[in-house]
Number of protein chains: 2
Amino acid sequence: MTDTAPRPTLEAVAARAGVSRATASRVVNGGDGVREPLVERVRRAVEELGYVPNQAARSLVTRRHDAIAVVVAEPETRVFADPFFALQLRGISKELTAHDNQLVLLLTEGRDDHARVGRYLAGGHVDGALVFSLHLDDPLPGLIQRAGVPTVFGGRPGWSDGLRDVVYVDSDNRGGARDAVRHLVGLGRTRVAHITGALDQTSAVDRLEGFKDVMGDAGSRLVVHGDFTPAGGERAMRELLDRCPDVDAVFAANDLTAAGALRVLRERGRRVPEDVAVIGFDDMQPVAEQTDPPLTTVRQDIEEMGRLMARLLLHGDDELPRGTPAGVVLPTTMVHRASA
Amino acid sequence: MTDTAPRPTLEAVAARAGVSRATASRVVNGGDGVREPLVERVRRAVEELGYVPNQAARSLVTRRHDAIAVVVAEPETRVFADPFFALQLRGISKELTAHDNQLVLLLTEGRDDHARVGRYLAGGHVDGALVFSLHLDDPLPGLIQRAGVPTVFGGRPGWSDGLRDVVYVDSDNRGGARDAVRHLVGLGRTRVAHITGALDQTSAVDRLEGFKDVMGDAGSRLVVHGDFTPAGGERAMRELLDRCPDVDAVFAANDLTAAGALRVLRERGRRVPEDVAVIGFDDMQPVAEQTDPPLTTVRQDIEEMGRLMARLLLHGDDELPRGTPAGVVLPTTMVHRASA
DNA sequence: GTGAAAGCGCTAACAC
DNA sequence: GTGTTAGCGCTTTCAC
């Protein structure tokens, strides 16, 4: 580990350009109110010296960090089972990069980590936080609120204790679910079932609500619990077939669940979509395109959700429609393949 | 965005504890050489005030940041097609967290971003870097080397211009490939084919080498190019069947490729493993367990690779065996399922 | 418009 | 052992 040559300081730049440190600083920070020839000289000095501002020194006085934290709570490790997480990150990263912000990634596993994250956020090391994968009973929001860091949540938060004023970005889970179920009904299916996701997440709850919106409470007979995993989908599908052998359509809470269900249907000799039509949710390409048959599903633009979250955090309320509750819900679209 | 109350400074803690700032600082940083009663008083003051050290101020003088950068080059977006990336991150995160380091994530897409990353690393904002997904012609290593930041690479770097002294962590791709091919041969298969990965990545090259180690150059006839994607696997499998209809075993460069191959085999009416035995690489659970039939594959411990990279970076050469080239190669293991 | 000077909050010599 | 002091590199009043 070689000692690197000491980095040039603003002082060095100023000396080389024959100006004061103050002027050099002005130029480095945009150059407003500095006469053109000086600007030019400083710019050249920066170039020649390969000067890069010391972010620590800058932060010390400005109290800004140009960095935001991305907090991913993944007690289930489900986060790692599908590319959801990576896609959101990509969107976030693009947006942050465009505004010269750094992304500090905080992964948490279980409660012990919450304290650590809380401490970090409270420490004022970042200008804001993007928080994901909250479950209904998660203590993190409280910690964050107390830390006083501007925050945008990914997905509608599920706490019930007097809806606090939070900003969040979510897909139209309920509307997307309605579209899917209506499509199945439009196909003439009459015994439409729903395999839910993990119901401690609002996305699962909302998709279930969408299903009920169309099927009514009567439909509840054909609701069976899954957990967003293929294994959960298999289990649920078996239960469903046992309980109601003449089911002719399934709306699964996500593509992974649908993939599991498809496998069981094949195993039991049901043809898809002839005997049973199946629709998923997410449009996770590698999953939805590779199932047999390829999956009809409800697409959400995951990367855009990430971008939007970052944009909301950076530009604050400029982006939010006035007077609305502070949630932004992105539309979903149906993607038609062979399974329904 | 409420203004948060000004954070307490070390000064405040010192005052409250009735000691000097220096003593307070010593206690905060471990408390060596400070008498017990004072330590106690300072600790209490910290507690009562909710003091959190200002990292910027600290970095300014120590020139350390307790932060490392994770650079992921993903021109292919392949990074997002499988959970590989997420698993590595998880390992890295755990290790960093255990040593109170932060993880700054730098995602790059294409060449434009390289300059940005180079500038960031050269800016001395982090204590080190973990770099992934290098392709053979990647300019990033050069930039990084020039930046003078301690770096550990994920995967054997592929540049040829006089092997520079780099530290890297890799799986035993070649050995794992040999195991897989030997297993196929042991099954009595005589026409064993290989679908390669993207050959601008060393992992693909090494797996191909492993295949050749066992099959000899004669085996080359049955080598066909893939790109680590299911679509690539399908394409390659079709080509293979056309070119050599009596192929009786396939070693695919990864599980995704194998999944594609399996689909084509089924489509063409070949039974697996009776007619054609198939082995993958990675043991990507969600893929390998869900194929039909479930995939026999070569497992690499991805999370451990991440951990090890972080450990190597943080503890420097303590962990590296003396006098060895600075690469650490992790063993692979075969996982037997139904496909071979 | 430009420069001089005062810190931001902390650590690390160096005295005591 | 503990306190005093001098910066780390930068931005930002405030004079000029």
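Distances shorter than 4.0 Å separate some side-chain N or O of A/Ser25 from OP1 or OP2 on D/dT11. Listed pair A/Thr23 / C/dG3 meets the phosphate criterion, a side-chain N or O lying under 4.0 Å from OP1 or OP2.
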Next item on the list: Mind running side chain to side chain contact (heavy atoms under 4.5 Å, CB included) on A/Val27 and A/Arg43 for me, showing each step along the way?
Entry: CA-CA 7 Å; A/Val27 173; A/Arg43 291 250 161 84; 4.2 Å; yes

Item checked: Derivation and outcome, salt bridge (Lys or Arg N to Asp or Glu O under 4.0 Å), residues A/Glu304 and A/Arg311 -> CA-CA 10 Å; A/Glu304 177 58 24; A/Arg311 223 176 298 141; 3.4 Å; yes

Item checked: Pair A/Arg35-A/Glu40, salt bridge (Lys or Arg N to Asp or Glu O under 4.0 Å): steps then yes or no -> CA-CA 9 Å; A/Arg35 251 194 273 281; A/Glu40 195 42 50; over 6 Å; no

Margin query: With side chain to side chain contact (heavy atoms under 4.5 Å, CB included) as the criterion, how do B/Leu313 and B/Ile68 come out once you've worked through the C-alpha distance, each side chain's angles and the decisive distance to 0.1 Å?
Written below: CA-CA 9 Å; B/Leu313 188 62; B/Ile68 72 102; 4.0 Å; yes

Check the interface with nucleotides 6-9 of chain C: list each N/O to N/O pair with the protein under 3.5 Å, or write none.
residue, atom, partner, partner atom, Å
C/dA6, N6, A/Arg21, NH2, 3.2
C/dC8, O3', A/Arg63, NH2, 2.7
C/dG9, OP1, A/Arg63, NH2, 2.4
C/dG9, N2, B/Ala57, O, 3.3

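The distance from atom NE2 of B/His65 to atom C1' of C/dC10 is 14 Å, rounded to the nearest whole Å. As rounded to whole Å, 12 Å separates atom C1' of C/dT11 from atom CD of B/Gln55. With rounding to whole Å, A/Arg64 atom CZ is found 22 Å from D/dG9 atom P. The CG-P distance, from B/Asp66 to C/dC10, rounds to 15 Å in whole Å. Atoms CZ (A/Arg26) and P (D/dT12) sit 10 Å apart, rounded to a whole Å.
For the pair B/Asn101 (side chain) and B/Ala67 (backbone), a donor-acceptor distance under 3.5 Å is present.
Each end of the helix from C/dG1-D/dC16 to C/dC16-D/dG1 gets its own axis, taken as the rotation carrying the C1' atoms of four end pairs onto the next four within a five-pair window, and the two axes meet at 40° to the nearest 10 degrees.
In terms of heavy atoms, A/Val131 sits closest to A/Leu140 at CG1-CD2, 4.3 Å. Residue B/Val28 comes nearest to B/Val46 through the heavy atom pair CG2-CG2, 4.3 Å, listed as atom of the first residue, atom of the second, then distance. The nearest pair of heavy atoms linking B/Arg116 to A/Thr97 is NE-CG2, 3.1 Å. Pairing each heavy atom of B/Gly31 with each of B/Val39, the nearest pair is O-CG2, 4.3 Å. For A/Leu312 against A/Val169, the heavy-atom pair with the smallest separation is CD2-CG2, 3.6 Å.
Ion pairing between B/Glu95 and B/Arg90 fails under the 4.0 Å rule for side-chain N and carboxylate O.
The residue A/Val19 sits close only to the backbone: its heavy atoms come under 4.0 Å of sugar-phosphate atoms, none of a base.
At a non-hydrogen distance threshold of 4.0 Å, nothing from residues 30-37 of chain A comes into contact with DNA chain D.
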